[in-house]
Number of protein chains: 2
Amino acid sequence: MGKLTREAVVEQALGIGSAEGLQAVTIRRLAQELGVTPMALYWHFKNKEQLLIGMADHLVEGFVITEDYDRPWWEQLRELVTGLVKVLRHYPCAAAVLEEVDHMTVPSFLRVWDTALGLAKQAGFSYEESCLISKYLLQGAIALAAGPLNRRSGLSDQDAAEHLRVKRLGLQSLPQDVYPHIVEMATPLCEGGTAELYDTFGVDLLVTGIETLAARVHRD
Amino acid sequence: MGKLTREAVVEQALGIGSAEGLQAVTIRRLAQELGVTPMALYWHFKNKEQLLIGMADHLVEGFVITEDYDRPWWEQLRELVTGLVKVLRHYPCAAAVLEEVDHMTVPSFLRVWDTALGLAKQAGFSYEESCLISKYLLQGAIALAAGPLNRRSGLSDQDAAEHLRVKRLGLQSLPQDVYPHIVEMATPLCEGGTAELYDTFGVDLLVTGIETLAARVHRD
DNA sequence: ACCTGAACACCGTTCAAGT
DNA sequence: ACCTGAACACCGTTCAAGT
């Protein structure tokens with residue numbers, strides 16, 4: 001049995017979170033799984049928030065940003081988003097973790113953010129606009145990563161399929177006069193499209209708006 | 001003292017959540033505030049999740065959707081987003097509530113979603129694209145509503161200002177060689193820009209991407 | 001430096017019982 | 001129909017103490 005290191009704790013936490021959902025990641029549960037007392041964890045992390053930050057940091061550390069000053073900013077932005085989405089797909093609970101922590105406190109995420117900020121400025125946006133754009137872009141990337149594997153973590157595949165069926169039937173049995181489109185599109189709404197849709201159309205959706213606005217800024 | 005009605009519970013919950021943050025909204029706390037036993041709430045709500053859904057529904061019910069079939073879809077989409085953002089600004093905890101519940105379970109939110117779906121289809125997108133677009137748009141609107149009043153609810157204005165100052169100093173004292181842009185833009189990043197920026201540029205950012213992609217779809 | 005034991009102040013929820 | 005009392009099975013966290 002290896003020592004109780006920060007890394008081991010974080011990886012165990014990501015394991016539990018990915019297998020059973022983030023709500024199953026509990027100090028006490030984690031300690032039990034690691035064969036240790038709950039308070040042992042408080043030696044390595046000040047509190048649960050710091051543990052979550054550690055998880056988030058570990059996730060995003062897997063993403064190495066390739067900076068290429070010769071290529072136009074929009075290509076780099078696109079690659080930044082796709083790269084982030086890809087790395088977050090490694091753990092089913094990744095997006096959930098990043099939605100729970102303050103991004104500003106996650107060093108590896110700050111690196112991604114810094115790159116996005118630089119590219120936004122390079123595109124000609126003001127300081128404040130660049131801040132908004134980068135926030136929007138990274139938040140969008142996280143949402144894309146959370147999307148397609150609609151992963152109700154913590155359920156078997158069979159239960160998940162049943163859950164999906166119930167959800168779809170719920171939508172389909174809504175009053176058609178008040179929710180016409182929802183009823184009509186119940187199936188694609190629940191199944192959420194293929195991962196490919198998210199990685200191409202989804203990323204396009206995020207980046208295209210920025211490109212168009214950048215062109216507008218340059219015209220003024 | 002009025003009776004213990006669903007509405008009263010939901011409004012009290014929104015009050016606590018707005019004043020002290022959503023994490024302060026607890027069954028027991030809520031009961032105490034209402035002068036009642038915790039289990040009394042279980043008569044009106046099956047569990048806490050249903051209470052949150054009730055809160056979300058109450059919030060979005062305040063938004064009356066104006067459908068105008070004579071105006072182009074993009075104007076209607078824009079109005080849908082701005083309207084939603086505006087109504088969510090009534091309660092500081094609104095965005096937090098909507099981030100916590102499954103949107104599919106909130107009737108009033110489904111009405112907004114249905115409208116967005118219809119407009120997306122009208123713009124010429126496929127079923128699956130429309131689903132993705134509507135999800136993206138509504139999620140973006142919620143993020144915009146959460147944005148500018150960076151409302152760490154539960155703190156006095158003075159404490160909030162102090163919290164902001166600490167956060168900014170934290171960013172500014174980062175190593176400048178690894179986070180150059182973050183350090184440079186620490187102030188706008190923390191202060192988050194004016195509400196106006198969010199309501200104009202932010203909405204533009206969301207809608208413009210859709211418009212551009214729609215034009216592309218029509219060309220094919 | 002690293003971990004344990006015992007305790008505190010909370011949670012959500014169930015179930016039987018009251019009126 | 002609407003609410004209470006008592007109990008269960010959990011949380012995160014602190015603090016003193018052990019090695």
Side-chain angles (χ1 to χ4, degrees), chain A residues 1-57 93 96-97 99-102 105-106 152-155, chain B residues 1-57 93 96-97 99-102 105-106 152-155:
Chain A
M1 50 192 67
K3 288 195 315 190
L4 186 67
T5 163
R6 260 185 79 100
E7 264 233 319
V9 175
V10 161
E11 270 160 15
Q12 184 76 285
L14 287 172
I16 297 176
S18 292
E20 305 181 32
L22 197 54
Q23 87 289 340
V25 176
T26 219
I27 297 280
R28 295 173 115 104
R29 166 75 187 279
L30 203 45
Q32 178 198 331
E33 214 104 331
L34 290 162
V36 95
T37 267
M39 308 67 176
L41 301 184
Y42 282 91
W43 178 258
H44 301 274
F45 301 91
K46 195 190 148 219
N47 51 34
K48 196 181 178 184
E49 192 191 348
Q50 293 301 313
L51 168 65
L52 282 163
I53 290 172
M55 292 167 72
D57 195 45
C93 70
V97 172
E99 279 161 5
E100 206 109 330
V101 304
D102 181 359
T105 60
V106 183
R152 271 279 193 207
S153 334
L155 302 162
Chain B
M1 52 192 66
K3 286 195 317 190
L4 186 66
T5 165
R6 259 184 80 98
E7 264 233 320
V9 175
V10 161
E11 271 161 16
Q12 184 76 289
L14 286 173
I16 297 176
S18 292
E20 306 183 32
L22 197 54
Q23 86 288 339
V25 176
T26 220
I27 297 280
R28 296 175 115 104
R29 166 74 188 279
L30 203 45
Q32 179 199 329
E33 213 104 332
L34 291 161
V36 95
T37 267
M39 309 71 177
L41 300 184
Y42 282 91
W43 178 258
H44 301 274
F45 301 90
K46 196 191 146 219
N47 50 36
K48 194 181 178 184
E49 193 191 348
Q50 294 300 314
L51 168 66
L52 281 162
I53 291 173
M55 292 168 72
D57 195 46
C93 70
V97 172
E99 279 161 5
E100 206 111 328
V101 303
D102 181 0
T105 60
V106 183
R152 272 279 192 205
S153 333
L155 302 161

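As the structure is a computational prediction, the values presented were derived from the model and not from experiment. Every chain is numbered from 1, with letters handed out A, B, ... down the list of sequences.
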OP1 or OP2 of C:dA1 versus the side-chain N and O atoms of A:H44: is any pair under 4.0 Å?
no
Got [X] and [Y] here, is their nearest side-chain heavy-atom distance under 4.5 Å?
X      : Y     : answer
B:E100 : B:V25 : no
B:H44  : B:L41 : no
A:Q12  : A:V9  : no

Closest non-hydrogen atom pair between A:V101 and A:I53, with its separation:
CG1-N, 4.0 Å
Along nucleotides 7-19 of chain D, 5' to 3', which nucleotides get a B, which get an S, and which get a -, given that the test is a protein heavy-atom distance under 4.0 Å?
----BBBB-----
Whole angstroms only, please: what is the CH2-P distance between A:W43 and C:dC2?
6 Å
Report the C-alpha distance between A:F45 and A:I27 in whole Å, list the side-chain angles of each, state the deciding distance to 0.1 Å, and finish with yes or no for side chain to side chain contact (heavy atoms under 4.5 Å, CB included).
CA-CA 10 Å; A:F45 301 91; A:I27 297 280; over 6 Å; no
Across every strand shown, the nucleotide meeting Watson-Crick or G-U wobble geometry with D:dA6 (both distances under 3.5 Å) is C:dT14
Can you tell me the Watson-Crick or wobble partner of C:dT19, both distances under 3.5 angstrom?
D:dA1
For the pair B:M55 and B:L22, evaluate side chain to side chain contact (heavy atoms under 4.5 Å, CB included) and give the outcome as yes or no after the intermediate values.
CA-CA 11 Å; B:M55 292 168 72; B:L22 197 54; 4.0 Å; yes
